[in-house]
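Just passing along the structure, written as structure tokens.
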There are 2 protein chains.
Amino acid sequence: MIIDAFIHRLERFAVLSPEEKAAVRSACSSTRSLPPRFELLRQGESTTGTNLILSGFACRYTMLPGGRRQITAYLIPGDLCDVRACMLDGMDHSIGTLSPVEVAQLSHDSMLELTQRVPGLTRAVWWSTLVEEATTREWVLNVGHRTALSRTAHLFCELFSRMHAVDLTHQNMCEIPITQSDLADALALSPVHVNRTLMKLRALKLATFRHQHLTIHDFKGLQEVGGFDPAYLRLEDPSPFSEVRRPGASPPPRPDHAETTML
Amino acid sequence: MIIDAFIHRLERFAVLSPEEKAAVRSACSSTRSLPPRFELLRQGESTTGTNLILSGFACRYTMLPGGRRQITAYLIPGDLCDVRACMLDGMDHSIGTLSPVEVAQLSHDSMLELTQRVPGLTRAVWWSTLVEEATTREWVLNVGHRTALSRTAHLFCELFSRMHAVDLTHQNMCEIPITQSDLADALALSPVHVNRTLMKLRALKLATFRHQHLTIHDFKGLQEVGGFDPAYLRLEDPSPFSEVRRPGASPPPRPDHAETTML
DNA sequence: CGTAGCCTTGACCGCCCTCAAATTATGTGG
DNA sequence: CCACATAATTTGAGGGCGGTCAAGGCTACG
């Protein structure tokens, strides 16, 4: 269950009692199923709550004059989509689904209540924000300085690592329910060129993306081609193909005062 | 004085008493002068405090294999450079100066003290973070989907607007103390092509960048070419060339509860 | 007055875009 | 289960934006 992954993420910041975990679970009980290409939040709108993605893919995007779309982030299961929209008075981009998506609806009120009952939550949310910010910076590098092949390799490394972190990979494979056009809009490439690039990745025996499934043949090689350094994702387990999983080590130390000040 | 601009920014979130303003001023009293091309914070390092830029330009950047540099943000007077590095255990990018820079040093402790004395500070800092994040997203659009001309026009609109917001413009001109190569590293273009693009902007009578000075000949036109919509910057005064400056209007309304929860 | 860094200009080339069409999935109703 | 429609993927040909390499001119500053 994906909520377990979410709770696991929270546990990097706070020890949760069974009651607290139950509180998180019950707050996520109200779910909604959305069709593909559904606009969750339109540019300019404000929001009254947030959604936790339980299954499927969504994205942040901006439409450009000429009908082109730039995707600036993929939102995958376990991601909160837009906690911070409420701090500003109107979104500067849109959020929409790419595949069928199931979300847990968290009203603003229930989030407030939850943050009071679960002390580490606020910190976890802000921490996620920082990781997202770092990811966006990485995307600037990607579209700015890397070739189509390298760019695509990098994105696949990122996606596979993130999917692995929420336990949605099976051996060297995971489901990525998006089209080549959706990839193109994220990579700032034409769909045609994405297609050629995918074939090249396949020919190089690095990765295969087909029928909405990503298969990694050679992670090391893919990482090298893409210049991928997983540090910015701040995962517990930086490589999805490391020999030992969670070697009994404790989570990274964190300053205790941060809880109160957020600075 | 640039600290006034900083205080003015804070005043969007809290009414500051003269004593509180004095507290901010005195916290910023310890200054340091840095040479150009000085590495303020290296990738992987942690930080114990933050710096408020008083004069000059700095930037966030990442070095890529091959010696190329991607600048992901310009830091201008009035910007805090890296309040949130302390939340994570190692920077995923570097921060360095582009020109001679004067900074006010704010230790972690003095920031903590200041946040307690000045209630709106925490919120102001996080709000800046969100604007920075939005700006980075805009840069993804820029390097991804715009031509060299459009890209450069967009950056000039952004820079001029930001400089205007901290009162560092003089009519249609402002000082941008960086080289064409520094522009190239931000725009993901070669220095050669930046040069050609600057000449084109001049020929089109849109803007001139020369001798570290940016002159805007036709903001409207520049905005159109660049597809620039200032909304993401969340400035009080969206256009630097609007007829009326600060027409006595009150700052945008904000939720009061946000102070306590930050969500 | 000399040197170093920055800016400018020219020639050539390759990555990726565009347009267009064929082929293959996907899905729907009979 | 098949016929059909629609969307997604694949393939080909041609062209342009911007990169690279190289050399010359300018400016600033010691």
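Chain A is the first sequence line, chain B the second, and so forth, proteins listed ahead of strands; every chain is numbered from 1. Quantities reported herein were computed from a predicted structural model and do not represent experimental measurements.
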task: Whole angstrom is fine here: how far is it from NZ in B:Lys200 over to C1' in C:dT9?
output: 16 Å
statement: Exactly one candidate in B:His164, B:Met163, B:Arg162 meets side-chain contact (heavy atoms from CB on, under 4.5 Å) with B:Cys174; the answer is B:Met163
query: Do A:Arg196 and D:dG12 have a side chain to base donor-acceptor pair shorter than 3.5 Å?
result: yes
query: For the pair made of NE2 in B:His193 and P in C:dC13, what is the distance, rounded to whole Å?
result: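 It works out to 19 Å between those atoms.
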field: side-chain contact (heavy atoms from CB on, under 4.5 Å) against A:Thr129, all qualifying residues, sequence neighbours excluded
entry: A:Arg84, A:Trp126, B:Glu133
query: Could you state the interatomic distance from CZ (B:Arg210) to OG1 (B:Thr215), rounded to the nearest 0.5 Å?
result: 10.5 Å
task: Looking only at side-chain atoms of B:Arg37, point me to the closest of C:dC6, C:dT9, D:dT10.
output: C:dC6
query: Which residues in residues 178-190 of chain B have at least one heavy atom lying under 4.0 Å from any atom of DNA chain C?
result: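 Only B:Thr179, B:Gln180 qualify.
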query: B:Thr62 and B:His93: side-chain donor and acceptor closer than 3.5 Å?
result: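 Absent: no donor and acceptor within the cut-off.
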- line: When rounded to the nearest 0.5 Å, the distance separating OG1 of A:Thr169 from CG of A:Leu214 is 10.5 Å
field: Taking every non-hydrogen atom, the tightest pair across A:Pro35 and A:Phe38
entry: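 Smallest heavy-atom distance, with atoms named: O-CB, 3.3 Å.
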field: Nearest-Å distance for atom pair CD1/P, residues A:Ile176 and D:dA8
entry: 17 Å
task: Not counting sequence neighbours, which residues clear side-chain contact (heavy atoms from CB on, under 4.5 Å) with B:Val166? List them please.
output: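 Checked B:Val166 against side-chain contact (heavy atoms from CB on, under 4.5 Å); matches are B:Ile2, B:Ala5, B:Arg9, B:Ile76, B:Leu168.
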message: If the test is side chain to side chain donor-acceptor pair (under 3.5 Å), which one of A:His217, A:His213, A:Arg202 qualifies with A:Thr208?
response: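 The option that passes is A:His217.
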query: Rounded to whole angstroms, how far apart are CZ on B:Arg202 and C1' on C:dC7?
result: 10 Å
statement: All heavy atoms of A:Ala188 vs all of A:Val143, minimum pair found to be CB-CG1, 3.9 Å
query: What parts of residues 141-157 of chain A reach DNA chain C, counting only heavy atoms under 4.0 Å away?
result: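 The stretch gives A:Thr147, A:Ala148 as the residues lying under 4.0 Å from the strand, ordered by number.
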- prompt: Given D:dT9, is OP1 or OP2 found less than 4.0 Å from the side-chain N or O atoms of A:Asn195?
  reply: no
query: In the 5'-to-3' direction, what one-character label does each nucleotide of nucleotides 22-30 of chain D receive under the scheme B = base within less than 4.0 Å of a protein heavy atom, S = sugar-phosphate only, - = no such atom?
result: ---------
message: Applying a 3.5 angstrom cut-off to the pairing atoms, does DNA chain D sit in any stems of at least three consecutive Watson-Crick or G-U pairs? List them by first number.
response: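 Listed by first number, the stems are C:1-5 with D:26-30, C:8-30 with D:1-23.
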query: Ring centres of B:Tyr232 and B:Trp139 under 6.0 Å apart?
result: no
Ring geometry between A:Phe160 and A:Phe241 (parallel below 30°, tilted from 30 to 60°, perpendicular above 60°): parallel
- request: May I ask you to say whether A:Asp92 pairs ionically with A:Arg60, meaning some side-chain N is under 4.0 Å from a carboxylate O?
  value: no
